[in-house]
Every structure is written in structure tokens, then in C-alpha cells.
A.B. asks: 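Here's a structure for you.
Counting starts at 1 for both ligands and their atoms, in listed order. Along the sequence shown, residues are numbered consecutively beginning with 1.
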Amino acid sequence: MRACPISCTAVKQQFSTCSRKPKDVNQMTRGNPCQLPGMLPNYDPNDNEAGMKILEDLTENVEQIQQRVLEEIITRNARTDYLKGFLDGQFDKQVFKKTVPVVNYEDIKPYIERIANGDSSNIISAEPIIELLTSSGTSGGQPKMMPSTAEDLHRKTFFYNLLVPVMNKYVDGLDEGKAMYLLFVKPETKTPSGLMARPVLTSYYKSNNFQNRPFNRFNVFTSPDETILCSDSKQSMYCQLLCGLVQRQEVLRVGAVFASAFLRAIKFLEDNWKELCSNIRTGHVSDWITDPGCRKVVSLVLNKPKPELADLIEHECSSKSWEGIIKKLWPRTKYIEVIVTGSMAQYVSTLEYYSGGLPLVSTMYASSECYFGINFKPLSKPWDVSYTLIPNMAYFEFLPVKEKNEDGAQYVQCNGVCKENCMEKETEKEDVETVELVDVKLGQYYELVVTTFTGLYRYRVGDILMVTGFHNKAPQFRFVHRRNVVLSIDTDKTSEEDLLKAVTKAKVIVESLGILLIEYTSYADTSSIPGHYVLFWELTSKGNNHLPVLDPKIMEQCCSTVEESLDSVYRRCRRKDNSIGPLEIRVVQHGTFDALMDFCVSQGSSVNQYKTPRCIKSGEAINILDSRVVTRFFSQKAPFWELV
Ligand code: AMP
């Protein structure tokens with residue numbers, strides 16, 4: 001059992017509100033018996049009943065726990081540079097909510113930059129910031145950086161451990177085999193002061209909490225840690241698949257964090273199964289696997305030549321159709337664990353094709369800022385998934401939002417599945433007050449705002465959620481969409497503004513040749529793996545209304561210019577991770593965008609207020625555009641990307 005930062009006995013008692021209200025921070029930090037650093041109850045993660053009991057207590061006592069969390073965060077951090085400026089020596093929760101503003105990343109960026117540059121004073125957190133977590137959200141083209149503390153790793157471990165009893169409640173016998181989870185680390189860098197800056201999962205997998213995790217019989221992986229921690233993503237993928245194939249009879253579930261990563265693994269298998277089978281046949285791992293850790297552990301798993309196993313896998317993989325391949329290769333698999341909500345919903349049908357009808361399980365909702373919620377009904381269909389926010393993770397507030405189009409019709413994209421016609425609308429946000437977790441209303445839409453133990457105060461996460469119900473007293477939320485994101489294939493998040501900037505740069509190239517871009521829109525094409533961005537362009541020659549003759553080299557340059565102009569997460573996915581394919585421009589015939597408008601109007605858009613949607617989600621609208629494509633061009637080179 002790992003050492004927990006607190007040792008507590010009765011869970012209920014831990015979450016109860018302190019009846020003695022301390023008057024000042026000194027009183028609160030000087031041995032107050034109600035002080036429970038981190039508010040993380042200690043229990044044996046192998047004990048399902050204890051885990052479920054904790055979840056019941058957490059969801060029953062939401063109000064008290066949320067108040068306790070806020071009290072503790074303020075108490076610990078009231079003297080930080082950031083809070084001092086607003087609280088002026090007061091430690092009252094009401095003062096906090098009145099004076100501390102709801103902020104975006106741009107507001108806190110100067111504080112984060114001070115930390116990155118080595119200012120060691122208590123800038124945003126009394127606890128030392130040990131690293132910065134690079135988010136897939138960007139600011140000025142670069143990943144946003146979120147603070148992290150040593151204690152926060154324990155909070156994540158606590159959260160991961162709670163996923164186990166929930167799964168065990170619905171699926172029996174998970175301790176009778178293994179999980180083939182394909183997990184990867186990403187490139188990391190250092191800030192000018194030497195702090196590590198890396199994605200949240202890379203940070204977690206490299207931590208002691210992950211690497212020295214106590215044995216949990218419900219959570220035994222086929223991938224040895226060395227293969228997960230290998231920084232060469234190709235070697236890592238190859239070795240993890242090899243280990244998964246060799247142990248195929250033991251595998252009870254397969255997965256990756258996001259659906260896009262799992263599909264990438266299937267594609268990798270399609271491209272490499274012959275070599276994998278040859279390794280299994282000979283008992284010898286390919287020479288290009290040079291990472292010493294990987295070679296050592298994979299050789300141990302391979303152990304000896306297994307010609308029969310190789311024959312069997314070869315037989316399945318050489319079949320013309322890969323429909324249901326997961327069930328064929330890993331016959332005992334009970335479900336696929338991948339996040340298929342939000343932008344990942346676009347992969348559901350492809351996953352269903354490969355899975356042969358296995359349940360797709362989205363277990364959790366989390367971010368670099370904080371881990372938020374757990375799916376208490378893991379076997380529900382992707383579009384029915386809701387997450388229950390866990391009240392001791394952070395202090396949660398909600399900005400009510402209206403989700404409407406200009407005609408006033410409800411306009412919602414639930415779990416990433418667009419329910420309306422062809423476009424996603426940006427959320428309207430009026431200057432409204434936040435509501436607390438216990439005060440959210442069923443059926444209402446909210447933007448999530450968090451105050452974390454790591455130094456974010458009233459921070460807008462950018463996710464729009466809808467209340468779908470309650471588990472005990474804890475509200476459950478459906479992930480609706482991310483604010484301002486129109487295109488996403490993997491962890492990239494491209495906004496309408498990012499797209500406009502990139503297209504504006506590229507269109508200069510054709511304009512200099514007397515060609516005008518009169519309309520454009522886009523969509524994320526995930527019909528092949530990896531998916532790629534598609535832009536539909538309607539072009540005309542200056543001076544006449546004819547479709548110009550297009551030089552392929554020039555158009556390919558336009559594709560590359562768009563890619564070069566997108567943010568660093570897009571460029572990393574495209575160049576380093578290979579999780580996004582080359583961007584495509586499809587040139588459409590004259591009048592195509594008029595046809596698109598006619599379609600949108602027929603679906604209820606107002607003619608007067610019609611604006612061309614800059615991203616298309618509806619299959620019907622995409623068909624209208626696709627049927628008018630004259631010619632298509634692809635980017636011929638991956639955009640520049642480097643770690644900064
Ligand atoms: P990052 O900060 O790069 O880790 O990205 C976190 C963001 O990914 C969240 O704020 C969400 O927008 C999205 N995300 C994470 N988990 C889920 C989920 N289960 N369903 C939908 N979107 C998710």
C-alpha cells in the first residue's frame with residue numbers, strides 16, 4: 001500500500017464539515033484537528049467494498065465536502081501572491097467568491113510564466129509547484145501550462161483507484177486475467193528554471209505513484225512499464241502490441257486513453273502484423289527494437305518460439321475483412337476501455353466495426369488542470385455516458401450557458417454527437433454568476449470553473465456540460481463540447497479563429513495568382529486512420545466567374561501553409577505522433593456554398609442571419625459538398641514542430 005499523505009480512519013468523519021470555524025489562517029494551519037491535508041481518505045484499493053463505500057460517502061456529502069475543499073484551499077493559499085491581491089488578509093469563502101475573479105488562461109499566464117522562469121516565491125500555491133503540465137489547449141499557439149504539486153499525484157492515484165470498484169460492479173472476474181492498455185509517454189521539456197513541462201499522463205506514468213504502484217489484482221497490464229515508458233513511440237507501440245498478442249488468452253479488456261489512440265494501434269497492427277507474427281514464431285524480437293528496457297522485458301514475455309500462436313494470429317490478420325478483429329485476436333475481451341465522449345464520439349462507428357460489438361467504456365473525465373469525474377454506469381452507450389464529479393478533487397463552480405442558435409432553437413452536441421443540422425455554434429456567455437455543484441439544475445448547460453489544490457482559482461476549463469441526473473446528491477454531467485473548438489482528430493483542438501488565421505495565410509498564395517477564395521468550410525475526416533482535416537474551398541478567377549486552372553504545387557503549398565499556421569499541438573500530432581494525416585483541400589464547383597446554405601435553411605437556419613458554418617458535422621451537409629468536389633490536394637510535408 002502506498003504511503004498516503006494522510007492517515008484517517010472513518011471516511012465519513014473525514015468529509016464532515018469542521019464545526020469550529022477558525023478566524024485566521026494561523027489558527028487554521030496551527031494543528032487544527034479538523035485539518036485534513038488533501039482530503040484523501042486512505043483505503044486498500046483491492047477492497048471493492050471499501051472503494052464503493054468511499055464513493056457513496058463522497059456522493060452523499062457533496063455540499064460539506066465542497067465547502068471543506070474550498071476552506072482548505074483558501075486556508076493553505078491565502079498568502080500566495082495571487083490570492084493576497086484579492087483576499088486582503090481575509091479567509092472567508094464568501095469574500096473569496098466575491099473578490100476573486102473567474103479567469104481564463106490569459107489572466108493567469110503571467111503567474112505561470114513567473115513559475116516557469118524560476119521565481120520560487122509562493123506565487124499561486126503555498127505548496128511547491130514541482131512541474132508544469134502541458135495541456136492540449138493552447139495559448140498563443142503553445143500548450144497552456146498547468147501547475148502540479150507532489151500531493152496532486154496522490155490525488156490522481158486516489159481517483160484512478162476509485163475506477164476499479166465501479167468497473168467490478170458491472171463486470172465480473174476482472175481479476176482472472178489482464179488488461180491490454182496501450183499507454184504512451186510524450187516528449188517533455190524543461191522550463192528556463194529547470195522545471196519539467198510535460199503532458200499530464202506522461203507525468204503520471206513517470207511518477208513513483210505509477211511505477212511503484214502496489215499490486216492490484218484487478219489491474220494487471222500486459223504492457224510492462226518499460227514499454228509504456230519508452231520515449232520512442234514506434235518501439236513502444238510495437239512492443240506493447242507484441243506483449244498483448246503473446247498474452248492474448250489472458251486479456252480480458254483492451255484499451256487506450258482516447259479512442260483515437262486505440263484506432264492508431266489497430267492501424268499499426270494492420271501495417272505490422274507480419275513482422276509481429278514472425279517475432280512470435282521465432283521467439284526473437286526484431287533488431288530495430290533497440291531500447292534496452294523494451295528489448296529486455298519483451299524478450300522475457302516472448303520467452304520461446306511460439307509457431308502455433310503465430311499461425312493463429314496470422315490466420316486472423318490475413319483475413320480480407322478486419323471486422324470484429326479485436327474479438328478474434330483477444331477472444332476473452334469483455335470490453336474496450338477508451339474515451340468515446342466529446343470529440344472522440346466521431347470514432348464510435350469505426351470502433352464498433354473492429355470490436356465486433358464489444359461495449360465501449362469511457363471511465364473518466366479529466367484534464368491537466370484537475371481530474372474531474374467518474375462514469376458510474378460504465379456499460380452505458382457512448383451517447384448516454386455521464387460523469388459524476390468527485391467532490392474532493394477540487395472546488396467546482398458552474399457558469400450557466402445558453403446553448404442556442406440564432407433562431408433560438410436548442411442546439412446541442414451531446415457527447416460529441418451533433419443532434420442538429422450542420423454546424424456547431426459557439427456558446428453564448430453572458431456575464432452571469434456561478435452556481436455551486438449542489439445547486440446545478442437538471443437539464444441545464446454550464447461551463448465548468450475550477451478552484452484546485454494546485455493553484456488555479458475560479459479557472460474556466462472551457463468545457464460545456466449538461467446536468468443529466470444525480471448519483472446520491474452528486475450531479476452527473478454529460479460532456480457537451482469544448483468551448484470554441486471546431487476541429488479535432490486526436491488531442492488537437494482547433495478553434496474557428498485558429499482556422500481563419502491559417503486559411504487567411506494560405507489564401508494569400510492563390511490571391512497573388514489572381515485567384516480568389518470565395519468561401520470555405522472544413523470537417524474532420526476520420527474515415528481513415530489517422531484522420532485528417534479537410535477544407536472545402538470554392539475558388540474563382542479574378543475578373544470572371546470561372547473555376548481557375550490550378551497548379552497542384554501551388555495548392556499543395558496552400559495545404560502546407562495551413563498546417564504550418566495551426567498551433568503546436570496540431571503540428572506535434574501531425575509530425576511527431578503521426579496521429580493526424582496530411583491536410584486536404586477539396587476544391588468545389590461554383591454554387592456549392594449556395595447549395596450548403598439551401599440545406600441549412602431547410603434545416604431551420606434563418607436566411608437573414610445565415611453565416612457559412614466554418615465546420616461541418618452533419619453527414620448530409622458533407623455529402624452536399626463532396627458531391628461537388630472538382631479536385632483535391634494534400635499537404636506533401638509534415639509541418640515544423642519542436643519542443644519549446
Ligand atoms: P488536457 O488538458 O490536454 O488533458 O485536455 C483535457 C480536456 O480533454 C478536457 O477539458 C476535455 O475537453 C477533454 N476531455 C477529457 N476527458 C474527456 C472525456 N471523458 N470526454 C470528453 N472530453 C474529455
Side-chain angles (χ1 to χ4, degrees), residues 104-105 112 132-139 142-148 152 156 159-160 163 166 184-186 197-205 255-262 337-348 360-378 380 382-390 393-394 396 413-417 424 427 446-450 452 454 456 459-466 468 476-495 567-570 572-573 577 579:
N104 284 307
Y105 187 74
I112 300 285
L132 292 169
L133 305 176
T134 50
S135 151
S136 55
T138 53
S139 158
Q142 291 305 319
K144 294 174 183 170
M145 292 198 286
M146 300 301 164
S148 180
D152 210 46
K156 288 179 177 123
F159 185 97
Y160 280 123
L163 301 176
V166 176
F184 303 93
V185 293
K186 296 258 161 95
R198 52 192 177 186
V200 57
L201 292 173
T202 301
S203 150
Y204 192 74
Y205 300 148
V257 177
F258 288 110
S260 54
F262 190 72
E337 188 174 323
V338 278
I339 290 175
V340 283
T341 47
S343 63
M344 294 294 145
Q346 62 191 325
Y347 297 110
V348 168
L360 301 175
V361 172
S362 299
T363 55
M364 61 186 268
Y365 165 44
S367 79
S368 314
E369 290 89 336
C370 166
Y371 282 22
F372 305 122
I374 292 178
N375 175 4
F376 281 168
K377 290 194 181 137
S380 49
W383 45 91
D384 288 330
V385 169
S386 290
Y387 301 99
T388 302
L389 297 198
I390 304 301
M393 288 289 116
F396 299 111
Q413 195 201 20
C414 279
N415 285 347
V417 181
E424 183 180 326
T427 307
Y446 298 96
E447 183 184 338
L448 181 60
V449 173
V450 288
T452 68
T454 54
L456 299 176
Y459 178 83
R460 289 175 68 178
V461 174
D463 291 343
I464 309 298
L465 310 175
M466 185 187 89
T468 53
Q476 299 180 299
F477 296 87
R478 181 165 298 170
F479 184 92
V480 179
H481 66 88
R482 193 168 170 91
R483 190 159 50 97
N484 293 343
V485 170
V486 290
L487 285 171
S488 176
I489 295 281
D490 188 29
T491 51
D492 53 307
K493 295 178 172 65
T494 297
S495 69
D567 71 25
S568 79
V569 176
Y570 175 89
R572 191 200 67 214
C573 289
D577 304 346
S579 56

A.B. asks: Enumerate the atoms of ligand 1 whose separation from the nearest heavy atom of G342 is less than 4.0 angstrom.
C.D. replies: 21 (C)
A.B. asks: When you measure from atom 15 (C) of ligand 1 to every protein heavy atom, which one gives the shortest distance, and what is it?
C.D. replies: A366 O, 3.0 Å
A.B. asks: Under 4.0 angstrom from ligand 1, any heavy atom of S362?
C.D. replies: no
A.B. asks: Rounded to the nearest 0.5 Å, how far apart are CZ of R460 and CG of N104?
C.D. replies: 5.0 Å
A.B. asks: Please verify whether a non-hydrogen atom of T491 lies at under 4.0 Å from ligand 1.
C.D. replies: no
A.B. asks: Which residue and non-hydrogen atom of the protein lie closest to atom 6 (C) of ligand 1, and at what distance in Å?
C.D. replies: S367 CB, 3.4 Å
A.B. asks: Applying side-chain contact (heavy atoms from CB on, under 4.5 Å), name anything that partners K186, two or more places apart in sequence or on another chain.
C.D. replies: P199, T202, R572, D577
A.B. asks: Give me the ring orientation class for Y105 and Y459: parallel if the planes are under 30° apart, tilted from 30 to 60°, perpendicular past 60°.
C.D. replies: perpendicular
A.B. asks: What is the ring orientation for Y371 with F159, classed by angle as parallel under 30°, tilted 30 to 60°, or perpendicular over 60°?
C.D. replies: perpendicular
A.B. asks: If you have a sec, work out which protein heavy atom is nearest atom 8 (O) of ligand 1 and how many Å separate them, to one decimal?
C.D. replies: K493 NZ, 4.0 Å
A.B. asks: Say whether, by atom type as modelled, one donor and one acceptor occur between the side chain of N375 and the main chain of S362 under 3.5 angstrom.
C.D. replies: yes
A.B. asks: Between the side chain of E369 and the main-chain N/O of T452, is any donor-acceptor distance below 3.5 Å?
C.D. replies: no
A.B. asks: What protein heavy atom sits nearest atom 17 (C) of ligand 1, and how far off is it?
C.D. replies: Y365 CD1, 3.6 Å
A.B. asks: What are the atoms of ligand 1, with element, lying closer than 4.0 Å to any heavy atom of S135?
C.D. replies: 2 (O), 3 (O)
A.B. asks: Give me the ring orientation class for Y365 and F479: parallel if the planes are under 30° apart, tilted from 30 to 60°, perpendicular past 60°.
C.D. replies: perpendicular
A.B. asks: For atom 20 (N) of ligand 1, grab the closest protein heavy atom and report residue, atom and distance to one decimal in Å.
C.D. replies: T341 OG1, 2.6 Å
A.B. asks: Show the atoms of ligand 1 that are less than 4.0 angstrom away from any heavy atom in V461.
C.D. replies: 10 (O)
A.B. asks: With heavy atoms under 4.0 Å as the rule, classify the contact between M364 and ligand 1 as side chain, backbone, both or neither.
C.D. replies: backbone
A.B. asks: Checking a contact table here: which protein heavy atom is nearest atom 10 (O) of ligand 1, and how many Å away?
C.D. replies: D463 OD2, 2.6 Å
A.B. asks: Would you sort out whether S343 and F258 count as a side chain to side chain contact (heavy atoms under 4.5 Å, CB included), showing the intermediate values?
C.D. replies: CA-CA 10 Å; S343 63; F258 288 110; over 6 Å; no
A.B. asks: What protein heavy atom sits nearest atom 5 (O) of ligand 1, and how far away is it?
C.D. replies: S136 OG, 3.5 Å
A.B. asks: Tell me which protein heavy atom sits closest to atom 7 (C) of ligand 1, plus the residue, atom name and distance to 0.1 Å.
C.D. replies: R482 NH1, 3.9 Å
A.B. asks: Please name all residues satisfying ring pair (Phe, Tyr, Trp, His ring centres under 6.0 Å) with F376, sequence neighbours left out, ordered by chain then number.
C.D. replies: H471
